[in-house]
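To start, the structure under review is shown below, and the notes come after it.
First listed ligand is number 1; within each ligand, the first listed atom is number 1.
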Amino acid sequence: MRSFIIIGHKAATEPFSLNDLPGSAGRMDILCRCVNAALFLSHDLRRDVRVYLILKGDPDPPKIIRFDGADVRYLSPDERSAASLIRKALGKKVQDFWTESMPGVSIRRGDLGNLLGELGSKVTCLREDGVDIRSEGFKGISMEPLFVLGDHLGLTEDEEKTIKGYEHEIVSVGPVSLHADHCIVLLHNEMDRTAHGQGNIFRTQHIMRAR
Ligand SMILES: C[S@@+](CC[C@H](N)C(=O)[O-])C[C@H]1O[C@@H](n2cnc3c(N)ncnc32)[C@H](O)[C@@H]1O
C-alpha cells in the first residue's frame, strides 16, 4: 500500500462550486490534481494507493477525505470529477470516524495529528531541502510508505512539529520546487522502477540498442 497525505490549508470544508476550484473552493484544484496523480495510470487505476486530503479551510475545519484506489468508482482523470466526489463527501454528516460517501471515498473529522495517530506508520515528509531520494546515503523508500506533502503554502511549523512526533524522514525528489502532484508522479516512478525491477529492464534494453 502506498499512502499520500496532502494538506490543503485553504481547502473548503463545506460543499463548494465546481466552477471555481482555485478561488472560492480554496485551491481545491491542487488537491484534485494530487488525487489524479496518485491514483491514475494510463487506462487504469492504482489499486494499492490511498490518498488522504486534509481540508483546513473555512467554514468548518479540519476534515479529512480518503480516496481508496481499491474501491473507488465514478472517478475519471479530470479535476472536476475528483472535485465532485469531494463535494459529495462534504455534504455528509462528519464524525470522528470514517463515513463512506461514495464507493472508495470517505470522510471524517480530524487533522494531521489524528490521521498520523490512526495510521501509525513511519512518515516520509516531502520537502525541497530534504535528503535526495537518489542520493547514495538514502536507504530507499519503504514498502508501505506514507508520504506527506504540502499545497501551495507548503507545511506550517505546527504540521512539521506534529510530524516530528512520529518516526519520520524528510526527503526531496530533486533540486527544484515542484507542484505537489508532480512530486507524487516522481515518487510513484521511483517506486515502480524499484518494485518491479523495471529500472534494470529499461537499462538493459537501452544498452542492447546502443550496441
Ligand atoms: C508547491 S510546493 C510548496 C511551495 C511553498 N511555497 C513552500 O515554500 O513550501 C508543494 C509541496 O510539494 C512538495 N515539494 C515540492 N518540491 C519538492 C521537492 N523538490 N522535493 C520534495 N518535495 C517537494 C512539498 O511537500 C511542498 O510542500
Side-chain angles (χ1 to χ4, degrees), residues 1-13 20-23 25-40 46 49-57 61-67 77 79 82-83 86 110-117 119 121-195 199:
M1 178 65 65
R2 301 174 185 177
S3 302
F4 296 88
I5 299 175
I6 305 99
I7 304 178
H9 295 94
K10 304 281 179 197
T13 43
D20 190 21
L21 300 181
R27 296 311 314 265
M28 196 64 79
D29 59 316
I30 296 176
L31 301 185
C32 296
R33 284 195 291 275
C34 286
V35 169
N36 291 351
L39 288 175
F40 277 99
R46 292 183 183 270
V49 170
R50 282 200 189 122
V51 185
Y52 299 89
L53 307 176
I54 302 186
L55 314 182
K56 297 182 77 171
K63 291 178 181 172
I64 311 172
I65 311 257
R66 180 180 67 197
F67 283 78
E79 283 170 33
I86 296 169
D111 59 14
L112 180 63
N114 300 124
L115 185 57
L116 294 184
L119 299 176
S121 308
K122 177 180 173 184
V123 179
T124 300
C125 176
L126 271 286
R127 218 172 64 192
E128 289 84 337
D129 62 350
V131 178
D132 190 325
I133 55 170
R134 290 197 174 180
S135 68
E136 297 233 327
F138 184 63
K139 292 194 203 84
I141 299 170
S142 73
M143 292 305 286
E144 300 274 322
L146 171 63
F147 301 105
V148 178
L149 300 101
D151 59 1
H152 60 301
L153 300 174
L155 295 176
T156 65
E157 272 181 31
D158 268 2
E159 287 155 0
E160 298 222 348
K161 214 164 128 193
T162 301
I163 289 169
K164 283 185 185 141
Y166 292 84
E167 187 189 355
H168 72 284
E169 60 190 349
I170 300 176
V171 303
S172 143
V173 288
V176 290
S177 185
L178 303 170
H179 290 178
D181 59 319
H182 296 173
C183 294
I184 292 173
V185 172
L186 291 176
L187 288 167
H188 268 318
N189 188 51
E190 290 298 319
M191 294 183 282
D192 292 343
R193 291 163 74 95
T194 321

- Name all pairs fulfilling the ring pair (Phe, Tyr, Trp, His ring centres under 6.0 Å) condition that reach into residues 155-194, sequence neighbours left out, sorted by first residue then second. Phe4-His188, His179-His182
- Item | Set of residues that line ligand 1, where lining means a heavy atom lies under 4.0 Å from it | Leu126, Arg127, Glu128, Leu149, Gly150, Asp151, His152, Gly154, Val171, Ser172, Val173, Gly174, Val176, Ser177, Leu178, Ala180, Cys183
- Task: Quick one: list whatever passes side-chain hydrogen bond (donor to acceptor under 3.5 Å, both in side chains) with Arg33, sequence neighbours left out.
- Result: Asp29, Glu79
- Which heavy atom in Ala11 sits nearest to a heavy atom in Leu31, and how many Å separate them? CB-CD1, 3.7 Å
- Message: Give me each pair satisfying salt bridge (Lys or Arg N to Asp or Glu O under 4.0 Å) with a member in residues 133-142, each pair once, sequence neighbours excluded.
- Response: Arg134-Glu190
- Note on the structure: When every non-hydrogen atom of Met191 is compared with those of Pro145, the smallest separation belongs to SD-CG, 3.7 Å
- Give, for atom NE2 of His9 and atom NZ of Lys56, the distance between the pair rounded to the nearest 0.5 Å. 5.0 Å
